[in-house]
Amino acid sequence: FDVVVADNVIHGFQSSGGSSVNQAGVISYGTRRSVFEHNHIYDVTHGMQIKGHELWGFEIRFNHVHDVTDFMRIHGMLEGPEGEVSTIRQNLVERFTRAFEFTTSATQVGEPDGVVVAHNLFIEQRGSAYGVLWLVVDPLEDGAVPRNIRFFNNVMADIEGGQLGSNFD
């Protein structure tokens, strides 16, 4: 791995006036082949935010994240040139509004692709109109849709919204 973020306690930057897009426990911008593991992240707006263009090869595992708006915000994560996928697995996520937001934005375009989300435990979602998994693609990007995102073998308990959401058909 090129970047390793492990064994940290990160907390205390919740936005007082609402959600700020860049207030995250961990922000990774433009990196590839990175691992985030064994971190305790809480009382932040977003647990982790992965941003950039053509990112791949992430391992996000064994983290305890709680009291957040989003567990993960992901921009531009793709399958790598040799089939490398990113995995988000075996994390404990408690007291959250939205578990995942896979998105593009004005600066981070591309179709989200090549992500495996498996064997995570999500407990106590709080009041989201968006559901647990939110897929958003820039409407200006002709024909772009998230693809090859595999979401399986996750356990969800005490989920208010209970749905998956998207802005495309």
Side-chain angles (χ1 to χ4, degrees), residues 1-6 8 10-15 17-89 91 93 96-117 120 122 128 130-151 164-168:
F1 291 104
D2 294 337
V3 175
V4 176
V5 178
N8 297 288
I10 301 168
H11 64 93
F13 22 130
Q14 228 3 310
S15 175
S19 178
S20 171
V21 296
N22 288 319
Q23 285 187 316
V26 175
I27 295 179
S28 174
Y29 190 85
T31 61
R32 295 181 180 140
R33 297 186 322 262
S34 301
V35 64
F36 305 108
E37 64 184 358
H38 301 287
N39 296 294
H40 183 191
I41 301 171
Y42 63 97
D43 193 26
V44 298
T45 303
H46 312 293
M48 296 180 203
Q49 183 163 285
I50 312 298
K51 298 173 75 170
H53 182 65
E54 296 184 0
L55 308 176
W56 61 78
F58 280 81
E59 287 281 337
I60 299 163
R61 59 191 181 205
F62 314 125
N63 296 290
H64 182 196
V65 179
H66 59 92
D67 299 300
V68 296
T69 301
D70 296 300
F71 164 48
M72 298 273 324
R73 291 188 83 230
I74 300 171
H75 298 254
M77 195 172 280
L78 303 172
E79 185 171 318
E82 297 177 13
E84 305 93 337
V85 296
S86 295
T87 61
I88 303 166
R89 62 185 172 92
N91 296 286
V93 183
F96 60 94
T97 302
R98 184 175 46 228
F100 295 97
E101 180 183 352
F102 292 95
T103 185
T104 63
S105 68
T107 58
Q108 315 304 322
V109 296
E111 301 172 342
D113 177 24
V115 181
V116 175
V117 180
N120 296 286
F122 300 100
S128 173
Y130 300 113
V132 174
L133 174 62
W134 184 238
L135 305 173
V136 181
V137 174
D138 186 340
L140 300 176
E141 197 172 347
D142 186 36
V145 296
R147 56 193 167 91
N148 200 18
I149 297 174
R150 298 177 291 272
F151 193 85
L164 305 179
S166 73
N167 72 331
F168 61 93

message: I'd like to check the salt bridge (Lys or Arg N to Asp or Glu O under 4.0 Å) partners of Arg150; sequence neighbours left out, ordered by chain and number.
response: none

message: As an exercise, state the distance from CG of Asp70 to OG1 of Thr45, rounded to the nearest 0.5 Å.
response: 9.0 Å

task: Hey, could you give me the NZ/CD1 distance between Lys51 and Ile74, rounded to the nearest 0.5 Å?
output: 13.0 Å

field: Sub-4.5 Å side-chain heavy-atom contact between Met48 and Ile41
entry: yes

task: Please confirm whether the backbone N or O of Tyr29 pairs with a side-chain atom of Thr31, one donor and one acceptor, at under 3.5 Å?
output: no

query: Between Ser86 and Gly57, what is the shortest heavy-atom contact and its length?
result: OG-N, 3.3 Å

Set of side-chain contact (heavy atoms from CB on, under 4.5 Å) partners for Glu84, sequence neighbours left out: Trp56, Pro81, Glu82

- prompt: Out of curiosity, Arg33 CZ to Asp2 CG, how far, rounded to the nearest 0.5 Å?
  reply: 4.0 Å

query: Excluding sequence neighbours, so at least two apart, what forms ring pair (Phe, Tyr, Trp, His ring centres under 6.0 Å) with His11?
result: Tyr42

- prompt: Mind checking whether Asn91 and Met72 have side chains closer than 4.5 Å, heavy atoms only?
  reply: no

task: Quick one: list whatever passes side chain to side chain donor-acceptor pair (under 3.5 Å) with Asn8, sequence neighbours left out.
output: Asn39

- prompt: Which distance, rounded to the nearest 0.5 Å, do you find between the CD1 of Ile50 and the CZ of Arg73?
  reply: 11.5 Å

query: How would you list, by chain and number, every residue that makes a salt bridge (Lys or Arg N to Asp or Glu O under 4.0 Å) with Asp67, sequence neighbours excluded?
result: Arg95, Arg126

Spacing of CD belonging to Glu37 relative to CZ belonging to Arg61, to within rounding of 0.5 Å: 4.5 Å

message: Nearest 0.5 angstrom please: Glu59 CD to Ile88 CD1, how far?
response: 10.0 Å

field: Residues forming a ring pair (Phe, Tyr, Trp, His ring centres under 6.0 Å) with His64, sequence neighbours excluded
entry: His40, His66

task: Work out which heavy atom in Asn63 is nearest to a heavy atom in His38; give both atom names and the distance.
output: OD1-N, 3.4 Å

task: Look at the aromatic rings of Phe100 and Phe71 and report parallel, tilted or perpendicular, splitting at 30° and 60°.
output: perpendicular

